[in-house]
Each structure stands twice: as structure tokens, then as C-alpha cells.
Amino acid sequence: MKAYVFPGQGAQYPGMGLDLYEKYPEAQDLFNKANKILGFPITDIMFEGSAEDLKQTKVTQPAIFLHSVIMHKILGEAGQPDMVAGHSLGEFSALVANNTLSFEDALKLVAKRAQAMQKACELQDSTMAAVLGLEDEMVEAVCANIEGTVVAANYNCPGQIVISGETKAVEEACAALKEKGAKRALLLPVGGAFHSPLMEPAREELAQAIEETQFNTPTCPVYQNVTTFGVTNPDEIKKNLIFQLTAPVKWTQSVQQMINDGATQFTEVGPGKVLQGLIKKVDRKMPTFAAEL
């Protein structure tokens, strides 16, 4: 069974999508449509902007979504998966790939998500940190004993977890985790505490937009970050997507579940190769590919 996976924030790079725009008329149409929906020329930033320009959340999230979804649409019949998943933001790309959401509706939600997350980041001094070389349970236990808000946010692969919360609490957790034997515990250059309770204002804002959006019955299951199981019920997909902003990204568990459910190969659709690397750390024998046009 073919599993298609879609990357999240951090996969962006200067010039992303330009090759698609220049080579495929369908890509041109979709990029031009995106500029109108977003109300600003995101193609200028994607094709000609610097890494710094691309780091703005309101740009990063739609840019990665567009690169992934347009690439998948160009794949056409060759890109029909048996199951899909996306890492955080990538879940929106996955929901277009399995026809739960239209391109237009998903892009509007991604833009809303980016703006809501940016606003939530500005409310409080918060950050994230990568922790390498400890069991998940140890990281969770240390976070639970820190004063203030700090939680496990991304279960990326065995031995790699990201924590998220108030800056002071995250810094204290990093020091405590190093004492417990973490190989590394380092702050990440992010704007705030994604996938933590501090994203509650953004979740509330996005929830209304999601509730008002048409979700269709998908053509194949989506393995959602919140539950890790394959879901095909549109109401359930909607509910899980609403909780995604404040809940951890259970990527390790999602990949394990997809393998348990019969996945025999994974194809990463979109910029970068991060997910292929993470999947290899879950199961080093699993064939992984980058989508090729």
C-alpha cells in the first residue's frame, strides 16, 4: 500500500516552486489563484525572496502547503495514495490529496491558521526546543515537574522529541533533560509554542473557520496527528483538525500505525526530505521516496 506524507513548517527554501511554475501550466493557474485568495503575491516571495522572507509564519505555511499540493496535483493519476498523513501543517496538504478539502478551502484555512498562530505567539514569550537521545516517557516526566507551561509537542521519531511552552519553562526543562542524559536539548528558532496549551487562542479562532468549511468524505484514510489512526469520517477529521494546534504531533505513532495497517512504501510530497529521514528512524527497512514529476 502506498502512503503519501506531506511536510510541515521548516521545509521551506528560497526559490521553492519556481520550477513547477515554469514547467507546468496547471501549476501556474494554481499559483495565480493562490495570489488572489491570499491577497498578496506569495509567488514573488517563494520564487525570489530570501530565507528570512520565507520565515514569516504568514508566508511559510501557505508556501509549503502550495508547493506540496501543487506537486501532488501535477502527479495526477500517478499520485493516488492508499493512505495519507501530514506533519502538523502538512495535514492540510494531506486533506487536499485525499479530497476531503478543496484546494481553495484548504488554502484559506492555512492562511487563517498562520495568522491565528502568529497572533497567539505575540501574546506570550514562548518557544520550542529539540530533545535528542531520551525515551519519550522521560521527557514527559521531566516536563510535568517543571513550573510553568512546557509539554511534549512533536514526537518526530524514536529518540527525537520537541518540547514547547513558556520560554523560561522550556529553558529549565532543557537543563533538567541534559542532567537526565539527553544528547542534546537546544532551543529552536521559532516564533512561539506551537502544539501547546499556549496556542489555545489560535485554536479557538481556527475552530470557527473549520466548522464553517465543507469537509467531504475522503478517497482514502488520513492518519491524523492528534489520534494517529486512519480516519475517513469528515466530522471526525474536522474535530481532530481543530484540536491539532494545542495537541502534540504524534508522528512516530502515526507512521507506526500506517505500517501496521499495511503501508509498504512512503512517498514525501513537497519541499525537503525531513519526513523520509524520520520514517527511516521508525523503520529503517521501509522504502521511502521523494515525489518525482
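Looking only at distances, a side-chain donor or acceptor of Gln80 sits under 3.5 Å from a matching main-chain atom of Gly76. Glu268 places a side-chain N or O within 3.5 Å of a backbone atom of Gln276 that can act as its donor or acceptor partner. Of the possible polar contacts, none joining the His195 side chain to the Thr246 backbone as a donor-acceptor pair under 3.5 Å is found. Between the Ser164 side chain and the Phe194 main chain, a donor and an acceptor come within less than 3.5 Å of each other. With Ser126 contributing its side chain and Ala193 its backbone, the two residues share a donor-acceptor pair below 3.5 Å. Side-chain atoms of Asn145 come within 3.5 Å of backbone atoms of Ala141 as a donor-acceptor pair (strictly under, hydrogens ignored). Between the side chain of Thr228 and the backbone N or O of Ser254, no donor-acceptor pair lies under 3.5 Å. Asp105 places no side-chain N or O within 3.5 Å of a backbone atom of Leu101 that could act as its donor or acceptor partner. When atom types are taken as modelled, the side chain of Thr264 and the backbone of Met1 share a donor-acceptor pair closer than 3.5 angstrom. Side-chain atoms of Asp261 never come within 3.5 Å of backbone atoms of Met258 as a donor-acceptor pair (strictly under, hydrogens ignored).
Partner Val5 forms a side chain to side chain contact (heavy atoms under 4.5 Å, CB included) with one of Ile279, Thr288, Val84 and no other, that one being Ile279.
Tracing side-chain contacts under 4.5 Å through hydrophobic residues (I, L, V, M, F, W, Y), one never reaches Leu123 starting from Met128; they form parts of separate clusters. Hydrophobic clustering (side-chain heavy atoms under 4.5 Å, transitive across Ile, Leu, Val, Met, Phe, Trp, Tyr) keeps Val162 apart from Val249. If you chain together hydrophobic residues whose side chains sit under 4.5 Å apart, Ile237 and Tyr223 never meet in one group. Ile161 and Val282 fall into different hydrophobic clusters, defined by Ile, Leu, Val, Met, Phe, Trp and Tyr side-chain heavy atoms under 4.5 Å apart, directly or through other members. At a threshold of 4.5 Å between side-chain heavy atoms, the hydrophobic network of Ile, Leu, Val, Met, Phe, Trp and Tyr places Leu75 and Val96 in one connected group.
Annotation: Glu292, atom CD; neighbour count of heavy atoms from other residues, nucleotides and ligands within 6.0 Å does not exceed 12. Annotation: Glu135, atom CD; neighbour count of heavy atoms from other residues, nucleotides and ligands within 6.0 Å does not exceed 12. Sparse packing is recorded around NZ of Lys168, with 12 or fewer heavy atoms of other residues, nucleotides or ligands lying under 6.0 Å away. Around the NZ atom of Lys238, the shell of radius 6.0 Å holds more than 12 heavy atoms that belong to other residues, nucleotides or ligands.
Figure legend: cation-pi geometry between Lys2 and Phe289 absent, as NZ or CZ is not positioned both under 6.0 Å from the six-membered ring centre and within 45° of its axis.
Every residue meeting the side chain to side chain contact (heavy atoms under 4.5 Å, CB included) condition with Ala63, not counting sequence neighbours, appears here in chain and number order: Met16, Ile42, Met46, Leu54.
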**Message:** Run the side-chain contact (heavy atoms from CB on, under 4.5 Å) test on Phe65 and Phe103 for me, step by step, so that the C-alpha distance in whole Å, both residues' side-chain angles and the decisive distance to 0.1 Å come before the verdict.
**Reply:** CA-CA 10 Å; Phe65 168 84; Phe103 170 81; 4.2 Å; yes

**Request:** Step by step, work out the side-chain contact (heavy atoms from CB on, under 4.5 Å) result for Trp251 and Val255.
**Result:** CA-CA 6 Å; Trp251 188 253; Val255 171; 3.5 Å; yes

**Asp53/Val59 under side-chain contact (heavy atoms from CB on, under 4.5 Å): CA gap, chis, key distance, verdict** = CA-CA 8 Å; Asp53 295 331; Val59 174; over 6 Å; no

**Message:** Run Lys33 and Leu107 through side-chain contact (heavy atoms from CB on, under 4.5 Å) and show every step you take.
**Reply:** CA-CA 10 Å; Lys33 191 179 283 186; Leu107 179 57; over 6 Å; no

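Residues Leu245 and Met117 approach most closely at CD2-SD, 3.5 Å, considering heavy atoms. A pairwise comparison of heavy atoms in Gly8 and Leu89 identifies CA-CB, 4.2 Å as the closest pair. Among all heavy-atom pairs drawn from Met71 and Ala291, the shortest one is SD-CB, 4.0 Å. When all heavy atoms of Cys174 and Leu187 are compared, the pair lying nearest together is SG-CD2, 4.4 Å. Here the closest heavy-atom approach between residue Ala129 and residue Val170 is recorded as CB-CG1, 3.7 Å. Across all their heavy atoms, Ala27 and Ile70 have their closest contact at CB-CG2, 3.6 Å.
No side-chain donor-acceptor contact under 3.5 Å links Asp82 and Tyr4. A donor atom on one side chain and an acceptor atom on the other are found under 3.5 Å apart for Asn35 and Thr43. In summary, the side chains of Glu140 and Tyr155 do present a donor paired with an acceptor at a separation below 3.5 Å, with no hydrogens or angles considered. If you check the side chains of Gln28 and Asn32, you find no donor sitting under 3.5 Å from an acceptor. When only modelled atom types and interatomic distance are considered, Arg113 and Thr57 share no side-chain donor-acceptor pair under 3.5 Å. Checked by atom type, the side-chain pair Gln244/Gln224 shows no donor-acceptor distance below 3.5 Å. Thr167 and Asp125 share a side-chain donor-acceptor pair at under 3.5 Å.
Side-chain contact check for Pro14 versus Ser50: every heavy-atom pair is 4.5 Å or farther apart. Within the 4.5 Å cutoff, the side chain of Asn98 has no heavy atoms near those of the Pro81 side chain. Side-chain contact between Ser88 and Asn154 is absent, with no heavy-atom pair separated by less than 4.5 Å. Taking the side chain as every heavy atom from C-beta outward, Ser196 and Val151 approach each other to under 4.5 Å. Annotation: side chain of His87 is not in contact with side chain of Asn225 (no heavy-atom distance under 4.5 Å). Side-chain contact check for Ile64 versus Pro271: some heavy-atom pair is nearer than 4.5 Å. The closest side-chain heavy-atom distance from Leu206 to Ile242 is not below 4.5 Å. By the 4.5 Å heavy-atom criterion applied to side chains, Leu275 and Leu278 are counted as neighbours.
Two rings, from Tyr24 and Phe31, have their centers 6.0 Å or more apart.
Note: Lys239 NZ to Glu236 CD = 5.5 Å, rounded to the nearest 0.5 Å. Rounding to the nearest 0.5 Å gives a distance of 10.5 Å between CG of Leu30 and CG of Leu20. Taken to the nearest 0.5 Å, the CD atom of Gln61 stands 10.0 Å off from the CD atom of Gln115. Rounding to the nearest 0.5 Å gives a distance of 10.5 Å between OG1 of Thr213 and NZ of Lys112. Remark: Glu171 CD to Ile146 CD1 distance equals 11.5 Å, nearest 0.5 Å. For the atom pair Leu293 CG and Lys23 NZ, the distance stands at 7.0 Å (nearest 0.5 Å).
Between Glu26 and Lys73, none of the side-chain N atoms (NZ, or NE/NH1/NH2) sits under 4.0 Å from a carboxylate O, so this pair counts as no salt bridge. Salt bridge absent: Glu104 and Lys108 never bring a charged side-chain N and a carboxylate O closer than 4.0 Å. Look at Glu200 and Arg203 and you find a salt bridge, because one of the NZ, NE, NH1 or NH2 atoms lies within 4.0 Å of a carboxylate O, short of that distance. Ion pair Glu52/Lys55 flagged as a salt bridge, since at least one NZ, NE, NH1 or NH2 atom sits closer than 4.0 Å to an Asp/Glu carboxylate oxygen.
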